[in-house]
Protein chains: 2
Amino acid sequence: MATPLKLHIDRSSPVPLYHQVVQGIEAAIHGGTLPAGTRLDNEIDLAAQLNLSRPTMRKAMDELVRSGLLVRKRGVGTQVVSSQVRRHLELSSLFDDLTRTGSKPQTEVLSFSHVDADEPTREALQLGTGARVYHFTRLRSVDGKPLALMENSVRDDITDMDESGLAKRGLYEILRTAGVNFRLANQRIGAVTANEYQAKLLGTEVGAALVTMERTAVDDTGRAVETGRHVYRADSYSFEMTLVQR
Amino acid sequence: MATPLKLHIDRSSPVPLYHQVVQGIEAAIHGGTLPAGTRLDNEIDLAAQLNLSRPTMRKAMDELVRSGLLVRKRGVGTQVVSSQVRRHLELSSLFDDLTRTGSKPQTEVLSFSHVDADEPTREALQLGTGARVYHFTRLRSVDGKPLALMENSVRDDITDMDESGLAKRGLYEILRTAGVNFRLANQRIGAVTANEYQAKLLGTEVGAALVTMERTAVDDTGRAVETGRHVYRADSYSFEMTLVQR
DNA sequence: GTCAACAGTATGTAAGGACATATTTACATC
DNA sequence: GATGTAAATATGTCCTTACATACTGTTGAC
């Protein structure tokens, strides 16, 4: 059992009850009353504590789950994921796009190692000192044309990985097969100009525009599974998305 | 009244009923059975047609609204927005970010005109030949440092616009004040290298990396209100987002 | 001692009813 | 004829109830 979640619900307010709950829990998470990892009481108890029906409570939690603040697991319970998420958003999948559009992506593994995680990686994956990760770089091509240069680190307590598997299957496919259920990812998209190394591998010129993407993905248990930095040829790749206002 | 929406609901399927409805309507929209702009029957009738309860029907429509395929308006009805949206996603607001972080953005209006829309603009905003739009370019700076170069077109049947208003208030603020309720936007993020014009205005060098963003925004009535192309200095701007898996 | 069945727990799905509120349309009043 | 009000319509919110299903831990049989 966790804290009884002291929220004030004002039934005379024009603000819908479920939204009051959302705001209250959001505030509690951002304010530190509910630190990351906290287990909430079950829906029925929570509803009773606030004198709400379960559907109303559930609708509130639905929103919080969608916005990435909470994670639910059937038969288990609900947990606070992160207090970092600033805003509700979602986005399309990533390179799975390629296979969906019918193209046949090819992957060349440029390097592969099982090493002690360096400091930035440990921070991104929330690992302690001395933790080991798989670290590798890949070059992805479509129709023989190089498209993306990808550097990734994956925690090593999920599944064994090897070079040949990475060449045949996408990283996410491998991890999903290993039982990982991805729930959310933090991404940052920017731009750089190609250095000599990147230009050579991507078949373009030094100084050409590249799209960069850094990402850390979290699974349904709340642990950070994978972090990486990708660069794409700007002339053949861009991120397309549809944003929905709530 | 619209078409009675012939969907097959299999109550013995392990797929939840509401999700069967989502899939069915999604398919109908993508398949052209429900073209953009179609008015659906009201929730109660639809539920009755499929022998479902209203909450179940509503849950299905909730998802479709969230994914951007449908638009609901209280007291009015539900409408198909677009068949283009391929995937559920959302994202943070845009340059409002700046004011939220406490910075004081400044805007310089570089050009402003009320002109016949050119072909790409007409297509983006779904306007007929001869339609007129406001077209303008702005330079946004933070703490005196130029950050973004923005080119936009806005349909002219919403509100009168002028140069001085744009310098003082954000575009979205102006449009919202004019009664526009934004519902969704299509965005594409990429990269280019700065040309001479861009370099000069953004205070950087020719060949520097820039982040590009093209966007078309749609309001709750389903009409495309605004379209634009922005470029940002890559060394001081990137798009950060949290993706949530459903 | 190992493994399988079972009970407990928490979320997932679904139904049905009731009332609130925003929008539009039609009507009645001034 | 203009204006304000009321009815009709459709979505928004909320409650009660019921059963399904996934996961965990414990108990019991072999």
For this session: Spell out protein contact along nucleotides 9-14 of chain C as letters: B when the base is contacted, S when just the sugar-phosphate is, - when no protein heavy atom is under 4.0 Å; keep the 5' to 3' order.
Result: BBBBBS
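- Counting heavy atoms from C-beta outward, A/N51 and A/I9 have side chains that stay 4.5 Å or more apart.
- A donor-acceptor pair is defined here as one N or O able to donate and one able to accept, closer than 3.5 Å; such a pair exists between the side chain of A/R122 and the backbone of A/A117.
- Ion pairing of A/E214 with A/R188 is absent here, as no side-chain N (NZ or NE/NH1/NH2) approaches a carboxylate O to less than 4.0 Å.
- B/T227 places no side-chain N or O within donor-acceptor distance of the main-chain N or O of B/V154, the cut-off being under 3.5 Å.
- The backbone N or O of A/N152 sits nowhere less than 3.5 Å from a side-chain atom of A/E226 that would complete a donor-acceptor pair.
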